[in-house]
Amino acid sequence: MISNLKLLVIASLLSVGFIACTGTKETTVTVETKEEIPVIQKVDIVGELLEQARQYYTIALQKQAVNSTLEAITQYENALKTITNLSYYPSIDSNAAYEELAVSIWDDYQKFIENLSELPTNVSLGAYEEWIARTNPAVDQAIESLDPVLNPSQTVDIPAEIALETNPIVDKWMEFYTGRGKKFLTMWMARSGKFFPMMKKIFEEEGVPSQLLYLSMIESGLNPTARSRVGAVGLWQFMKATGSLYGLQTNLYIDERRDPEKATRAAARHLRDLYRNLGDWYLALASYNAGEGRINRAIRKSGSRNFWTIIKYLPKETRNYVPQYIAVCLIAYDMDKYGFNSIEYQTLPDFDIVKVNEAIDMQYLASGAGTSVEILSDLNPELTQSCSPANYPGGYSLKVPKGTSKLLAASLQNVPEDAKKKVIVHVVKRGETVKSIASNYGITINELTDANNISAKAKLKRGANLRIPLKVRYSDVTLAAQSEDEINANDTISSSSYVSPYIQLAGDLPNEPDDNIEPEETGSDVASIPVPEGKTEVGYTVKSNDNLSRIAELFDVRVIDIRNWNDLAYNRKIKPGIKLRIFVPEEKKDYYASLDAQSETEKLSKPKTISSVSSFYYQVKKGETLSKISSKFNVSVTELKQWNKLKSSRVNRGQRLKIYTSKHSDEILAVKDQTSEVKKKDLKYKVKRGDNLGSIALKYGVTTANLRAWNNLAGDDIRIGQVLAITTNDKSSSMGDVAANKNTTLNNYTVKKGDTIGEIAEKFGVSITNVKKWNSLKSNTVKIGQKLKIYSSSVSKNLSNGPLKHVVRSGESLYTIAKKYNVTVDSIRQKNDLLSENIKPGQTLVIN
């Protein structure tokens, strides 16, 4: 086993717990803990967690190679739990090593499980979704053969709030849930005893049919900590942006999408908004899954508002979403008939609440309450780290088993330093700078900027969260040797030097003399790594200008492959002279073996010329990587990067890549046919901080629907650094000039004290460039009292000297308005003293 199967177990950081408890009689005890100045010592938290995930992943590959299915699944799941824990760290999406490792684990796990005929019930939501999407081909056949006109769906005669219709598609899902999928539905039914009473109460309060509770089974299997591959979280699988519209907070310590009560109320309101907009519950459900824009496009294409008619115009996942819901409902309404007559329903335990005012290790809290970490995590599923939150306003309300609050209160009177967490989040205040914050916490500017992946000259936005790497008296890192069945965590690694957690960990660093891997330290047991089928080993000696990313590109492999083949840990850097073993296709062995002796010039000339071959554009699909695409079209990763001027190996779903090839397979010809009709100018736009789909659409004079279609986006969620494809008409006279657009309104805005051009642009959902262009400004400076012309499709005319207002249009709801202005539904209700969410066309709403 690799390095004697030693795993870096960060027990104080790894999140645990799967089932939550909410809503019972409460006893509240408030405990004030003494505030002490931490003593400084540093540890690379992110690097160690990356390495822990890699170790789990490597063992999964080993177990997979020897057909030990259950053990392989267990280790894949352990790796994903660690990746999920890391996903909450600020700016982690900008960490190339994290991104590469996460994608690699998912890719290999997906390939593994899609060939399994059965799947255990304890797998993660993402794994279950990948498996079920590939193991039920009969459903796809039923969808293709469905003709709603010749064979209309039949309504089942049962007392359901929302009529349940059956057809061959629903029948196939009934077969699945009463056959291979019965064990999953049985588990979900058992969990419903814990959540449905609370959900029913909230849905009734929000005026939503309680029958929709069964949708949570399809969404998450009633697991409050469930996370999909694309980042949807919780019982109701909210993406971060949509969750924030309904007031769900997410940060390093807390993810309210995992709070059963808060997420359920948000889901009820979201479903109600979608129904009001679409007027049909099946369409509303489909929209909950795919986004309202996609459903409206399908309606336009099909010319119908019947779900079964538009189904062929929907993504595959959404085609199955509503039929699955109907099947689960039909079974739930007559459980005895379908053999679900021995469900052992889980119950909701009573709890007390203890206020905790700082970040304290969950193990200490559990011990103080006389319970286990697992039970405490079940009671508090919104906690993303295994500790209470730092700096939580008013103290965090920690749920503990009924009758244990006084025990915990006593133990919190004198919390030892070893039990206090060493990383906190600082909320930026007005006037603070990188330098002043670093000075206040007694750390260097480099430590602060590295921990948050920002520049030392960055202008900090008020209210932004910064991760502070505090100094501690002992290392948070423990070493554990794993046997076949258990982990024994006894040894401790001391950490005397700080390694930046947000530095590029994929090897893209200058080589340093200290703490480097010596040539003989490339892995003590690498022979146990599975050898890829059809590949053979070649050697490569690391050169002075090399890093792992560059070597991976040279050999057309993934960085993680090189790490695993040579047991290279994330918290170590490669050094010139190290001998690496790399596996390459057998037919190309001689070529790749020759690279070790080639000069820099010879290596750079590797990509072949493209003068004699044809080219076409390929749109990246969900889950695809450059490595997958290169294999599909028999080209190299290096060539793809060269042809598309890519600086890294990261690609995004919907991104268009230019590919040169002399081959003419059916797949390539099909791709070329799809792209041959594009006769407009193709652009790429990299998403910046503060951007949203609306502002980008305005900037380029296109619609948000266009942006979603061109980039295969399910909703309006985009992230900083994401590259968007934009197709514009070559005859467009003024890129981004929306002044002439018939749907825009001219707003005369008077600059107020404290205004900046950026804040004004953001307020109106337009770009700074347009504001400057419309007002002939040569700089970004604006003065108090200055009059500005603003063209916007979303802001009313009465904004010159007052709060932002919106005049309600026909068909709009509080949800769509909140989404337009990037605020929450609750904030609009509070600003306008609305007792309900009913609004009328022509009504004026104050936004901020």
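The first residue in the sequence is number 1, and the count goes up from there. Treat the numbers as computed from the prediction; the structure is a model and nothing was measured. All values below were derived from every heavy atom in this structure, side-chain atoms included, with hydrogens, water molecules and symmetry-related copies excluded.
- Although no hydrogens or angles enter the test, the distance criterion places no donor-acceptor pair under 3.5 Å between the side chain of Gln324 and the main chain of Ile218.
- The backbone N or O of Glu292 lies less than 3.5 Å from a partner atom in the side chain of Ser287, making a donor-acceptor pair.
- Checked by atom type and distance alone, the side chain of Trp236 never pairs as donor or acceptor with a backbone atom of Ala266 at under 3.5 Å.
- Rounded to the nearest 0.5 angstrom, Thr225 OG1 and Arg258 CZ are separated by 5.5 Å.
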Worksheet item: Which is it for Arg54 and Asp567 under the salt bridge (Lys or Arg N to Asp or Glu O under 4.0 Å) test, yes or no, and what are the steps along the way?
Response: CA-CA 9 Å; Arg54 188 188 73 85; Asp567 197 19; 2.8 Å; yes
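- Side-chain contact between Trp565 and Val557 is present, with heavy atoms from C-beta onward closer than 4.5 Å.
- In this structure a side-chain-to-backbone donor-acceptor pair under 3.5 Å is missing from Glu77 to Thr74.
- By the 4.5 Å heavy-atom criterion applied to side chains, Leu724 and Lys686 are not counted as neighbours.
- Ile83 is not listed as a side-chain neighbour of Trp106, based on a closest heavy-atom distance of 4.5 Å or more.
- With a 6.0 Å cutoff to the six-membered ring centre and a 45° limit on the axis angle, Arg265 does not count as a cation-pi contact of Tyr246.
- In this structure, Glu71 and Gln62 have side chains that are not in contact, with every pair of non-hydrogen atoms separated by 4.5 Å or more.
- Between Leu383 and Ser388, every side-chain heavy-atom pair lies at or beyond the 4.5 Å cut-off.
- Looking only at side-chain heavy atoms (C-beta outward), Thr318 and Arg294 stay at 4.5 Å or farther from each other.
- Once rounded to the nearest 0.5 Å, the distance linking OH of Tyr98 with CG of Leu86 reads 7.0 Å.
- Between the side chain of Ser244 and the backbone N or O of Ala241 there is at least one donor-acceptor pair closer than 3.5 Å.
- Using cut-offs of 30° and 60° for the angle between ring planes, the Tyr57 and Tyr76 rings count as tilted.
- In this structure a side-chain-to-backbone donor-acceptor pair under 3.5 Å is present from Arg563 to Ala569.
- Side-chain contact check for Leu119 versus Phe184: some heavy-atom pair is nearer than 4.5 Å.
- Using a 4.5 Å cut-off on side-chain heavy atoms (C-beta onward), Leu222 and Leu235 make contact.
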Item to complete: Start with the C-alpha distance between Asp255 and Lys262, add both sets of side-chain angles, then the distance that settles salt bridge (Lys or Arg N to Asp or Glu O under 4.0 Å), and finish with yes or no.
Response: CA-CA 10 Å; Asp255 188 346; Lys262 291 180 180 179; over 6 Å; no
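- Of the possible polar contacts, one joining the Arg191 side chain to the Gly221 backbone as a donor-acceptor pair under 3.5 Å is found.
- A cation-pi arrangement is absent between Arg269 and Phe238 under the rule of less than 6.0 angstrom and at most 45 degrees off the ring axis.
- The line from CG of Asn289 to CG of Leu274 is 11.0 Å long, rounded to the nearest 0.5 Å.
- For Glu256 (side chain) and Thr250 (main-chain N/O), no donor-acceptor pair under 3.5 Å exists by modelled atom type.
- Proximity of a side-chain donor or acceptor of Gln655 to a complementary backbone N or O of Gln619 within less than 3.5 Å is not detected.
- Classification of Asp378 and Lys399 as a salt-bridged pair fails, no side-chain N sitting under 4.0 Å from a carboxylate O.
- Remark: side-chain polar atoms of Thr384 are paired, donor with acceptor, to backbone N or O of Tyr253 under 3.5 angstrom.
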